[in-house]
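Since this is a predicted model, take the numbers as computed values, not measurements.
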Amino acid sequence: MLEGIKIYSSDETWLQILSELGADVSLIPNPTYLDFDSLDIKTPATPIVIKTAIQSAIDGNIQLLRDILGRNVQLPYIQAQIVIMLYKSGGMSAADLRKALGYSPNATTHAVDTAIYQLRKTFGRKFIININGVYKIGEL
């Protein structure tokens, strides 16, 4: 899950968890490693919560969401990923979106549908539109 990511933490328990998730970990501060302690992750935390915090720190998703939404917004992981993926791709089918989020394209889960519903509820019905089976970012 975290293969190739180098992470520093002063907490041995977190290092064990991060190592089990595939990260390259160190107890010794290293400026080239991500400072996990600075992410201020609350416990208990699921692997998805941990991965989300790390990804956000690495790739600037917070700034991208701010640019897309025009303001600072804290979204649940799946909602943030949907917004970012639709924005970057220009549009995705439901199956492609499920696959990109780590679900089977034919999954019977309604997690993606529910997240889209919640985004529309928060930002308006026209925020995520569906044109001929392709979800796209619409208007705020």
Side-chain angles (χ1 to χ4, degrees):
M1 178 183 268
L2 300 175
E3 288 78 13
I5 299 174
K6 297 178 184 213
I7 300 174
Y8 154 77
S9 178
S10 60
D11 185 313
E12 290 185 13
T13 303
W14 275 120
L15 287 181
Q16 178 64 35
I17 292 167
L18 295 166
S19 178
E20 290 173 5
L21 292 173
D24 180 8
V25 298
S26 175
L27 267 171
I28 302 166
N30 182 326
T32 63
Y33 281 42
L34 174 72
D35 182 358
F36 186 79
D37 298 346
S38 71
L39 300 180
D40 194 33
I41 295 175
K42 307 291 184 234
T43 56
T46 64
I48 287 297
V49 168
I50 295 167
K51 183 177 179 185
T52 300
I54 291 168
Q55 285 179 324
S56 292
I58 291 172
D59 64 16
N61 282 348
I62 294 170
Q63 179 61 44
L64 182 55
L65 282 173
R66 185 179 315 135
D67 293 345
I68 296 166
L69 301 171
R71 61 188 163 128
N72 287 334
V73 176
Q74 184 116 9
L75 294 174
Y77 171 78
I78 191 168
Q79 291 180 27
Q81 289 303 105
I82 287 170
V83 172
I84 290 166
M85 283 187 233
L86 293 179
Y87 178 80
K88 286 182 175 180
S89 69
M92 298 175 84
S93 70
D96 288 341
L97 191 54
R98 279 192 297 274
K99 185 175 178 184
L101 290 166
Y103 297 101
S104 167
N106 301 319
T108 57
T109 180
H110 293 287
V112 175
D113 299 325
T114 300
I116 289 172
Y117 168 79
Q118 290 169 340
L119 285 164
R120 287 175 171 162
K121 186 176 173 185
T122 302
F123 298 106
R125 183 88 180 126
K126 294 181 182 179
F127 178 59
I128 295 182
I129 56 176
N130 188 322
I131 300 173
N132 297 324
V134 175
Y135 287 107
K136 296 181 178 194
I137 298 291
E139 59 188 58
L140 285 170

State, to 0.1 Å, how close [X] and [Y] come at their nearest heavy-atom pair, and which atoms those are.
X: Ala45; Y: Val49; answer: CB-CG1, 4.1 Å
X: Ala115; Y: Ile82; answer: CB-CD1, 3.6 Å
X: Leu27; Y: Ser9; answer: CD2-O, 3.4 Å

Once you round to the nearest 0.5 Å, how far does [atom1] of [X] lie from [atom2] of [Y]?
X: Ile137; Y: Ile128; atom1: CD1; atom2: CD1; answer: 5.0 Å
X: Glu20; Y: Leu2; atom1: CD; atom2: CG; answer: 11.5 Å
X: Met85; Y: Met92; atom1: CE; atom2: CE; answer: 6.5 Å
X: Ile78; Y: Leu75; atom1: CD1; atom2: CG; answer: 12.0 Å
X: Arg71; Y: Leu65; atom1: CZ; atom2: CG; answer: 11.5 Å
X: Ile84; Y: Gln55; atom1: CD1; atom2: CD; answer: 9.0 Å

Taking the side chain from [X] and the backbone from [Y], do they hold a donor-acceptor pair closer than 3.5 Å?
X: Ser19; Y: Leu15; value: no
X: Ser38; Y: Asp35; value: yes
X: Arg98; Y: Val112; value: no

Is [Y] reachable from [X] through a run of hydrophobic residues whose side-chain heavy atoms are each under 4.5 Å from the next?
X: Ile5; Y: Met1; value: yes
X: Tyr117; Y: Leu119; value: no
X: Ile116; Y: Ile68; value: yes

Could you check Ile7, Val25, Thr43 and say which one makes a side-chain contact (heavy atoms from CB on, under 4.5 Å) with Trp14?
-> Thr43
Qualifying residue, where the test is side-chain contact (heavy atoms from CB on, under 4.5 Å) with Tyr135 and the options are Asp96, Asn130, Ile129 = Asn130
Walk me through it: do Leu18 and Ile54 pass the test side chain to side chain contact (heavy atoms under 4.5 Å, CB included)?
-> CA-CA 11 Å; Leu18 295 166; Ile54 291 168; 3.9 Å; yes
Contacts of Phe127 meeting ring pair (Phe, Tyr, Trp, His ring centres under 6.0 Å) (sequence neighbours excluded), chain-then-number -> Phe123
Is it the case that more than 12 heavy atoms not belonging to Glu3 sit under 6.0 Å from its CD atom?
-> yes
Can you check side chain to side chain contact (heavy atoms under 4.5 Å, CB included) on Leu64 and Val83, steps first, answer last?
-> CA-CA 10 Å; Leu64 182 55; Val83 172; over 6 Å; no
Carefully, step by step, assess Asp67 and Tyr87 under the rule side chain to side chain contact (heavy atoms under 4.5 Å, CB included).
-> CA-CA 11 Å; Asp67 293 345; Tyr87 178 80; 5.8 Å; no
